[in-house]
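Only one structure is covered here, and it is reproduced in the block below.
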Amino acid sequence: MDLYEYQGKGLFARFGIPVSDGLLATSPEEARAAAEELGGQVVVKAQVLTGGRGKAGGIRLAGGPEEAESAASGILGMDIRGHLVRQVWIEKASDIAKEYYLSVTFDRGEKKPLFMLTTQGGVDIEEVAERAPEALARLHVDPLVGFQPFQARWLCFTAGVDDPDEQKQVVALVGRLYEAFVGCDAMLCEVNPLIVTPDGEVRALDSKFTVDDNALFRHPDIGEMRDLEAADPQERLAREKGVTYVKLDGEIGILGNGAGLVMSTLDVIDQVGGRPANFCDLGGGGDAQGVVDALEVITSDPQVRGILFNIFGGITRCDEVARGILEALDRMTIGLPIVVRLDGTNAEEGRTMLAEAPHETLHVEETMLSAAERVVELAGAA
Ligand code: GDP
Ligand code: MN
């Protein structure tokens, strides 16, 4: 789960990482009031879950309330790479002497958290990595030993943070960022830029914060930060119902059990000339409620013209899934053709149950390929 800049900064502040005071606004009037409250020069920042807002014109300095209001009216409603700006963060403007970059993320290859620090911040880190790799200090933390203060000193030294007063602040900040990273079960904590003011104060001017979805049960307060309105309506419905769902842009709705099987189903649909509308994984379940939920999500997408069930019965028995499909069809009306391919445990029973059922829209196929061909054909005719 990605957090907005202001939410990430809220978490930073909890862990003692210095950030600027600010207020959230959803209208130009609110932006004006926020600027009045903060006083002096402010910066008006688009809150969207994508980077590069500065380049896109989503960040503007304002001398006072008046300018903050007009900056906000320009930024609210903007489209930044497909993200509609519905909120702006009004922050006390900072004077910037230097822009650094600091992040901690997972290096999956090493199976360890990885810190990166460079004094060439403010720009895309990929750019620095390419142009001046020697300027990028990289350091792995052994998760069992934990973070050691000398590692922060090594990072500063290697990146070339020379000023002793700055070093002291950056070292403290690195330690706190690690605490935030571990404490929030984060996958990424990035500060770009990490600024040094003309007075020599080090502060996080931006935040990119990603929390592991699988750990959200441990952080209900962070889970509540999720902006449901920013999500696609089907994805929102899927999340509410606990269905694993990924929206694609074709016309065949796909339901399978297990991500591997679903992925190969996408390939087979493509192979026979169709285009998947989505990716829906029933996982280990296949009970009626699970099938109803998944079908509800799939059919809420108006682009869907046909539905393909591809089930391999292992622990999940095919007769159970067949029962689920039939119960689902009793509970809801679906006008679209549904093709079912069942294989594995109790497949024979499952197929017989479906074949004997009085549903005209239901078609049973024995192989994945024939099922894919059938559903694409029926969808074309629908
Ligand atoms: P991003 O473009 O989405 O990464 O947004 P950032 O929050 O990193 O802001 C982009 C740039 O705007 C920064 O690198 C700064 O140069 C500038 N900026 C942001 N906040 C301030 C501020 O308080 N004062 C000044 N002078 N510039 C700022
Ligand atoms: Mn940034």
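Atoms considered below: every heavy atom in the structure, side chains included; atoms not considered: hydrogens, waters and symmetry mates. All ligand and atom numbering here is 1-based and tracks the order in the structure.
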Note: ligand 1 atoms sitting under 4.0 Å from heavy atoms of Val43 are 20 (N), 23 (O)

Provide the number and element of each atom of ligand 1 under 4.0 Å from a heavy atom of Ile59. 5 (O), 6 (P), 7 (O), 9 (O), 10 (C), 12 (O)

Glu91 contact mode with ligand 1 (heavy-atom cut-off under 4.0 Å): neither

May I ask you to check if ligand 1 and Gly54 share an N or O to N or O distance below 3.5 Å? yes

When you check the gap from the basic side-chain N to the acidic O, do Arg305 and Glu251 get nearer than 4.0 Å? no

Check: Glu5 N/O within less than 3.5 Å of ligand 1 N/O: no

I'd like to know if the side chain of Gln47 pairs up with that of Glu5 as donor and acceptor (distance under 3.5 Å, no hydrogens or angles considered). yes

Which residue owns the protein heavy atom closest to atom 21 (C) of ligand 1, what's the atom, and how far is it? Leu205 CD2, 3.5 Å

To which protein heavy atom is atom 1 (P) of ligand 1 closest, and what is the distance rounded to 0.1 Å? Arg53 N, 3.6 Å

Closer than 3.5 angstrom, by distance alone: can the side chain of Ser70 be matched with the main-chain N or O of Glu67 as a donor-acceptor pair? yes

Polar protein atoms (N, O or S) that approach the Mn ion (ligand 2) to under 2.8 Å: Asn192 O, Asp206 OD2

Output yes when a protein non-hydrogen atom is found under 4.0 Å of atom 19 (C) of ligand 1, and no otherwise. yes

Considering the heavy atoms of Pro193, write down every atom of ligand 1 situated less than 4.0 Å from one of them. 8 (O), 14 (O)

Is the shortest distance from a Lys or Arg side-chain nitrogen in Arg341 or Asp343 to a carboxylate oxygen in the other one below 4.0 Å? yes

List the closest protein heavy-atom neighbour of atom 15 (C) of ligand 1: residue, atom name, distance to the nearest 0.1 Å. Glu99 OE2, 3.3 Å

What residue and heavy atom of the protein are closest to atom 24 (N) of ligand 1, and at what distance? Ser94 O, 2.8 Å

Identify whether the distance between the nearest side-chain nitrogen and carboxylate oxygen of Arg275 and Asp270 falls below 4.0 Å. no

Looking at Asp206 and Lys9, is there a salt bridge between them, counting it only when a charged N and a carboxylate O are closer than 4.0 Å? no

Asp95 vs Thr197, side chain to side chain donor-acceptor pair (under 3.5 Å): CA-CA, chis, key distance, verdict: CA-CA 6 Å; Asp95 286 332; Thr197 66; over 6 Å; no

Taking the six-membered ring where the residue is Trp, are the ring centres of Phe106 and Phe181 under 6.0 Å apart? yes

Where is the nearest protein heavy atom to atom 27 (N) of ligand 1: which residue, which atom, and how far? Ile96 CD1, 3.4 Å

Of the protein's non-hydrogen atoms, which lies at the shortest distance from atom 6 (P) of ligand 1, and what is that distance? Asp206 OD2, 3.4 Å

Could you walk me through whether Asp163 and Gln167 pass the side chain to side chain donor-acceptor pair (under 3.5 Å) check? CA-CA 6 Å; Asp163 182 87; Gln167 283 173 350; over 6 Å; no

Can a donor-acceptor pair be found between the side chains of Tyr101 and Glu190 at a distance below 3.5 Å? yes

With a 4.0 Å cut-off on N to O distance, would you call Arg176 and Glu179 a salt bridge? no

Check ligand 1 against Ala93 and write out every atom of the ligand that is under 4.0 Å from a heavy-atom position of the residue. 23 (O)

Under 3.5 Å, is there a donor on one side chain and an acceptor on the other for Gln120 and Arg131? yes

Does the distance from a Lys or Arg side-chain N to an Asp or Glu carboxylate O, for Arg374 and Glu365, drop under 4.0 Å? yes

Answer yes or no: does an N/O atom from Lys45 fall short of 3.5 Å to an N/O atom of ligand 1? yes

With side chain to side chain donor-acceptor pair (under 3.5 Å) as the test, would you mind laying out the steps for Tyr100 and Glu166 before giving the verdict? CA-CA 11 Å; Tyr100 296 169; Glu166 260 175 49; 2.6 Å; yes

Of the side chain and backbone of Asn192, name the one, both, or neither that has a heavy atom under 4.0 Å from an atom of ligand 1. backbone

